[in-house]
Undergrad: 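Handing you a structure now.
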There are 2 protein chains.
Amino acid sequence: MAKKKEHCDCLNTVKPVRDALDVISGKWKLPIIISVGVGNDRFTDIQESIPGITPKVLAKELKDLEQHKLLKRTILDGYPVKILYTLEPYADTLTPIIYSLKDWGINHRKVVTKE
Amino acid sequence: MAKKKEHCDCLNTVKPVRDALDVISGKWKLPIIISVGVGNDRFTDIQESIPGITPKVLAKELKDLEQHKLLKRTILDGYPVKILYTLEPYADTLTPIIYSLKDWGINHRKVVTKE
DNA sequence: CCGTATCCTGCACGATACTG
DNA sequence: CAGTATCGTGCAGGATACGG
C-alpha cells in the first residue's frame with residue numbers, strides 16, 4: 001500500500017527560500033541595490049538612475065532594504081543636512097546568488113525560446 | 001565634474017535575474033516543484049500534499065512550470081485515462097540555486113533577528 | 001480524477017501633488 | 001533635497017461551484 005508522499009522537508013526548505021526571495025524580489029529591489037552599489041548615494045541620484053520609479057516607492061524600498069541590513073542610511077550634519085545611502089558589506093553576501101540567478105536566467109531564456 | 005553613475009550593466013543583470021526569479025517566485029511554485037520532486041505525480045496527490053492550494057491555482061501553476069520545461073505532463077491511455085506529472089531533468093539545474101537561497105535565508109533570519 | 005468557470009479580494013505598485 | 005499624502009489600478013491569488 002503506497003504511502004502518501006509527504007515531502008516532509010517542504011517547509012524547512014520553502015520558508016527560508018521565501019525569506020531570501022522576499023529580500024530580492026519585487027520590481028525595484030535589484031535596480032536599487034545595483035544603483036547604490038555603483039555609487040549613487042543620494043536619494044535623488046538613485047531616483048534619477050532608475051527610470052520610472054516614484055519617490056514614494058523608492059522611499060519604501062529603501063526602508064525595506066535598510067531593515068534587511070543591506071543598506072545603511074547616514075545623516076550628514078552640515079548645511080544643508082545630507083542623507084547618504086550606502087551598501088552594507090553584508091549586501092555582498094547576495095552577490096554570488098545574484099550571479100547564479102543571472103547565469104541561470106540567461107541560459108533559461110535559451111532553453112525556453114528554442115523548441 | 002562628477003559623472004552620473006549609470007550602473008550601465010543594470011539591465012544586463014536585472015533582466016535575466018528577473019527571468020530566473022519569475023520561475024521560482026510566487027506562492028506555490030516551490031511547494032509544487034518539491035511535491036512533484038518527491039514523487040507526487042497525480043493532480044490530486046499534488047493538491048492534497050499542499051494544504052490550501054485550490055485546483056484552479058494548481059492547474060495554472062502546473063501549466064507555467066510545464067512551459068518553463070521544468071515539468072512534464074504525460075497522458076497515460078487506459079481506462080480511465082491518467083495524467084502524470086514528473087520533473088524534467090532540467091529542473092535539477094535549479095537545485096543549487098534553491099539551496100543557496102535556503103542557506104542565505106536561514107542565515108538572514110539570524111542576521112535580522114539579533115540586533 | 002482532473003480540471004474550468006465565475007466572482008471576489010488584497011496589496012504591490014502607479015500618478016500626481018505637496019512639504020520641511 | 002528627501003521625502004509624505006491621496007487617490008487610483010492591475011493582477012496574483014482565493015472561494016465556491018460545476019463539468020467531461
Side-chain angles (χ1 to χ4, degrees), chain A residues 2 4-5 14-15 17-33 35-36 39-68 71-87, chain B residues 2 4-5 14 17-33 35-36 39-68 71-86:
Chain A
K4 194 71 70 48
K5 308 290 180 19
V14 170
K15 232 188 65 176
V17 170
R18 183 112 63 220
D19 287 344
L21 289 178
D22 285 345
V23 174
I24 55 176
S25 66
K27 191 170 175 180
W28 302 110
K29 296 267 165 56
L30 224 49
I32 293 170
I33 292 171
S35 178
V36 177
N40 293 305
D41 51 11
R42 314 294 305 278
F43 189 93
T44 307
D45 288 343
I46 300 168
Q47 191 183 343
E48 287 174 353
S49 75
I50 303 175
I53 199 169
T54 61
K56 173 192 155 189
V57 170
L58 179 55
K60 184 228 165 214
E61 299 290 272
L62 287 172
K63 275 173 194 160
D64 281 0
L65 293 170
E66 194 188 352
Q67 284 185 351
H68 283 296
L71 216 67
K72 187 162 55 172
R73 184 179 186 271
T74 311
I75 304 169
L76 287 189
D77 288 333
Y79 213 74
V81 168
K82 293 182 176 183
I83 310 286
L84 281 197
Y85 290 98
T86 49
L87 286 192
Chain B
K4 195 67 73 46
K5 308 291 182 15
V14 170
V17 171
R18 184 111 61 220
D19 287 345
L21 289 178
D22 285 344
V23 174
I24 55 175
S25 66
K27 191 169 176 180
W28 301 110
K29 298 266 166 56
L30 224 49
I32 293 169
I33 292 172
S35 178
V36 177
N40 292 306
D41 51 12
R42 313 294 305 278
F43 190 94
T44 307
D45 289 342
I46 300 168
Q47 191 184 344
E48 287 174 354
S49 75
I50 303 174
I53 199 169
T54 62
K56 174 194 154 189
V57 170
L58 178 56
K60 184 228 167 213
E61 299 290 271
L62 287 172
K63 275 174 195 160
D64 282 0
L65 293 170
E66 194 188 353
Q67 285 184 350
H68 283 297
L71 217 68
K72 188 162 57 170
R73 185 179 187 271
T74 311
I75 304 170
L76 286 190
D77 288 333
Y79 211 74
V81 168
K82 292 183 176 184
I83 311 286
L84 282 195
Y85 291 97
T86 49

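Letters go in sequence order (proteins before strands), and every chain restarts at 1.
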Undergrad: Nearest-Å distance, CD1 (A:Ile83) to P (C:dG20)?
TA: 17 Å
Undergrad: Just the rounded figure in Å: distance from P of C:dC1 to CG of B:Asp77.
TA: 18 Å
Undergrad: Can a side chain N or O of B:Arg42 be found less than 4.0 Å away from OP1 or OP2 on C:dC1?
TA: no
Undergrad: Looking at A:Arg73, does any N or O in its side chain come under 4.0 Å of the phosphate oxygens OP1/OP2 on D:dG3?
TA: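 The answer is yes; a side-chain N or O of A:Arg73 sits under 4.0 Å from OP1 or OP2.
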Undergrad: For B:Gly52, which contact category applies under a 4.0 Å heavy-atom criterion: base, sugar-phosphate, or nothing?
TA: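 Answer is nothing: B:Gly52 stays at 4.0 Å or more from every strand.
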Undergrad: In whole Å, I'd like the distance from the CG atom of B:Leu76 to the C1' atom of C:dC1.
TA: 13 Å
Undergrad: When the nearest nucleotide of DNA chain C is assigned to A:Lys29 and to B:Leu62 on a heavy-atom basis, which residue is associated with the more 5' position?
TA: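 Closer to the 5' end of DNA chain C: B:Leu62.
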Undergrad: Could you check whether atom NZ of A:Lys29 has more than 12 heavy atoms from other residues, nucleotides or ligands sitting under 6.0 Å from it?
TA: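 Count over threshold, so yes.
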Undergrad: After noting the C-alpha distance and the side-chain angles of B:Ser49 and B:Ser35, does the key distance pass the side chain to side chain donor-acceptor pair (under 3.5 Å) rule?
TA: CA-CA 7 Å; B:Ser49 75; B:Ser35 178; 2.7 Å; yes
Undergrad: Side chain of A:Thr54: nearest nucleotide among C:dC2, C:dA15, D:dG14?
TA: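 Nucleotide nearest to A:Thr54's side chain: C:dA15.
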Undergrad: Is there a side-chain polar atom (N or O) of A:Lys63 under 4.0 Å from OP1 or OP2 of D:dG3?
TA: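 It does not, given that no N or O in the side chain of A:Lys63 lies less than 4.0 Å from OP1 or OP2 of D:dG3.
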Undergrad: Using whole Å, what does the distance between atom C1' of nucleotide D:dA2 and atom CD of A:Gln47 come to?
TA: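 After rounding, the reported distance stands at 9 Å.
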Undergrad: Send over the distance from A:Leu58 CG to C:dG14 C1', rounded to a whole Å.
TA: 14 Å
Undergrad: Of the nucleotides C:dG3, D:dG3, C:dC13, which has the atom closest to the A:Lys27 side chain?
TA: C:dC13
Undergrad: Does a nitrogen or oxygen in the side chain of B:Tyr85 sit under 4.0 Å from OP1 or OP2 of C:dC1?
TA: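 Negative; the distance criterion is not met.
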Undergrad: What integer distance in Å separates B:Ile53:CD1 from D:dA15:C1'?
TA: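 Nearest whole value for this atom pair: 14 Å.
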Undergrad: In whole Å, what is the span from the NZ atom of B:Lys82 to the P atom of C:dG3?
TA: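 Rounded to the whole Å, the gap is 14 Å.
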Undergrad: In whole angstrom, what separates A:Ile75's CD1 from D:dA2's C1'?
TA: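 Answer to the nearest Å: 11 Å.
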Undergrad: Look at A:Asp22 together with A:Arg18 and state whether they make a salt bridge at an N to O cut-off of under 4.0 Å.
TA: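 Not counted as a salt bridge, because no side-chain N and carboxylate O are separated by less than 4.0 Å.
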Undergrad: Taking OP1 and OP2 of D:dA2, is either one under 4.0 Å from a side-chain nitrogen or oxygen of A:Thr44?
TA: yes
Undergrad: Side-chain contact test, heavy atoms from C-beta onward, threshold under 4.5 Å: evaluate it for B:Ile24 versus A:Val17 and give yes or no.
TA: no
Undergrad: Does the C:dG14 base have a donor-acceptor partner in the side chain of A:Lys56 within less than 3.5 Å?
TA: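 Such a pair exists between side chain and base.
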Undergrad: Both B:Glu61 and B:Pro55 contact DNA chain D. Taking the nearest nucleotide for each, which residue is further toward the 5' end?
TA: B:Glu61
Undergrad: Any carboxylate oxygen within less than 4.0 angstrom of a Lys/Arg side-chain nitrogen, looking at A:Asp19 and A:Lys15?
TA: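 Not counted as a salt bridge, because no side-chain N and carboxylate O are separated by less than 4.0 Å.
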